[in-house]
Structure formats: structure tokens, C-alpha cells
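Notes follow the structure.
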Amino acid sequence: MWNEPTEEELNKLPALYETETADPLETLIHQHYFIGSSDWFISEYSPAERLFFGYTILNNDLLNSEWGYISLDELRNINIRGIQVDRDLYWRVRSAGKVEKIKAAYDLKGF
């Protein structure tokens, strides 16, 4: 993984289930990972399980995008012909509804 987060950065993320009662589009997205046309938008993290919770869009397929659990170790191990998942170092925390791709997916699905 390029630009891998430090343990300190990971520990600043909300814990798993901490934001589960929030409106999905109001949930804060703290980190963004990507490779090609696939994106992982991270809202929570469990250090013990090394598990994220967030919104995933694979291959720009907005219709089948969804909220779910994402293994940090699996993201770290993705390697497609020498290209690895990258962390967006310029990402600024914002609600899911303010993330263009997530908003487009919700609009497409009619939510």
C-alpha cells in the first residue's frame, strides 16, 4: 500500500459502531483509499481487528456500491501488476453526502 496510515492516524478514527446511528449521508468520511476506478471511503476503524467500516465503490459501479466492512490487511495486499492501493493524502474529512461519488450512488439508487 502506498502512503500507508500510521497507527497514530488509524487510532484517531472513530471506533467501529460509534457512528452507526447517524444518517448514512451525515456519517463523516475520515480517509479515502483508491486504485484505478475503485474507492474505499473510511468512517470507522477497529485496531484489534484491523477492520474499517466505510463505503466501497468497486470499478466505478455506483449501482452496486455499499456500506460495509473493509479489511486493512486485504487493502494492503492488493497488487495489480505492481500497482497498489493508495491513500489520498489530500483528503479532508467531510460527510458522506458531500463526497461526490457517494452522493451520485445514492442519487442513482433513488435514496
### Task
Might you confirm whether atom NZ of Lys98 has over 12 heavy atoms from other residues, nucleotides or ligands at distances under 6.0 Å?
no
### Apart from Leu62 itself, residues in the same hydrophobic cluster as defined by side-chain heavy atoms under 4.5 Å
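Via sub-4.5 Å side-chain contacts, Leu62 links to Leu16, Tyr17, Leu25, Ile29, Phe41, Leu51, Phe53, Tyr55, Ile57, Leu63, Trp67, Tyr69, Trp91, Val99, Ile102, Tyr106, Leu108, Phe111.
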### Task
Using the test ring-ring contact (aromatic ring centres under 6.0 Å, His included), find all partners of Tyr33 that sit at least two apart in sequence or belong to another chain.
Phe52
### Message
Contact between Leu13 and Ile42 at the side-chain level, heavy atoms closer than 4.5 Å - yes or no?
### Response
yes
### Query
Any salt bridge (Lys or Arg N to Asp or Glu O under 4.0 Å) pairs touching residues 58-85, not counting sequence neighbours?
Glu4-Arg76, Arg50-Asp73, Asp73-Arg76
Closest non-hydrogen atom pair, [X] against [Y]:
| X | Y | result |
| --- | --- | --- |
| Ser65 | Ala105 | OG-CB, 3.4 Å |
| Leu28 | Ser43 | O-CB, 3.2 Å |
| Glu44 | Glu20 | OE2-N, 3.8 Å |
| Gln31 | Pro5 | NE2-CB, 4.2 Å |

### Task
Take Val93 and His30, measure what side chain to side chain contact (heavy atoms under 4.5 Å, CB included) needs, and give me the verdict at the end.
CA-CA 5 Å; Val93 177; His30 294 272; 3.9 Å; yes
### Query
With sequence neighbours left out, what residues match Asn3 under side-chain hydrogen bond (donor to acceptor under 3.5 Å, both in side chains)?
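Expected list: Asp86.
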#### Entry: Residues which pass side-chain hydrogen bond (donor to acceptor under 3.5 Å, both in side chains) with Lys103, listed by chain and number, not counting sequence neighbours
Asp107
### Query
Just by modelled atom types, is the Glu9 backbone N or O under 3.5 Å from a matching donor or acceptor in the Thr6 side chain?
yes
### Message
Just to verify, what does Ile78 make a side-chain contact (heavy atoms from CB on, under 4.5 Å) with, not counting sequence neighbours?
### Response
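Scan of Ile78 (side-chain contact (heavy atoms from CB on, under 4.5 Å), adjacent residues dropped) gives Ile35, Trp40, Leu75, Ile80, Val85.
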### Query
Do Arg94 and Glu100 meet the salt-bridge criterion of a basic N to acidic O distance under 4.0 Å?
no
#### Entry: Spacing of OG1 belonging to Thr21 relative to CD belonging to Glu26, to within rounding of 0.5 Å
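That separation rounds to 12.0 Å.
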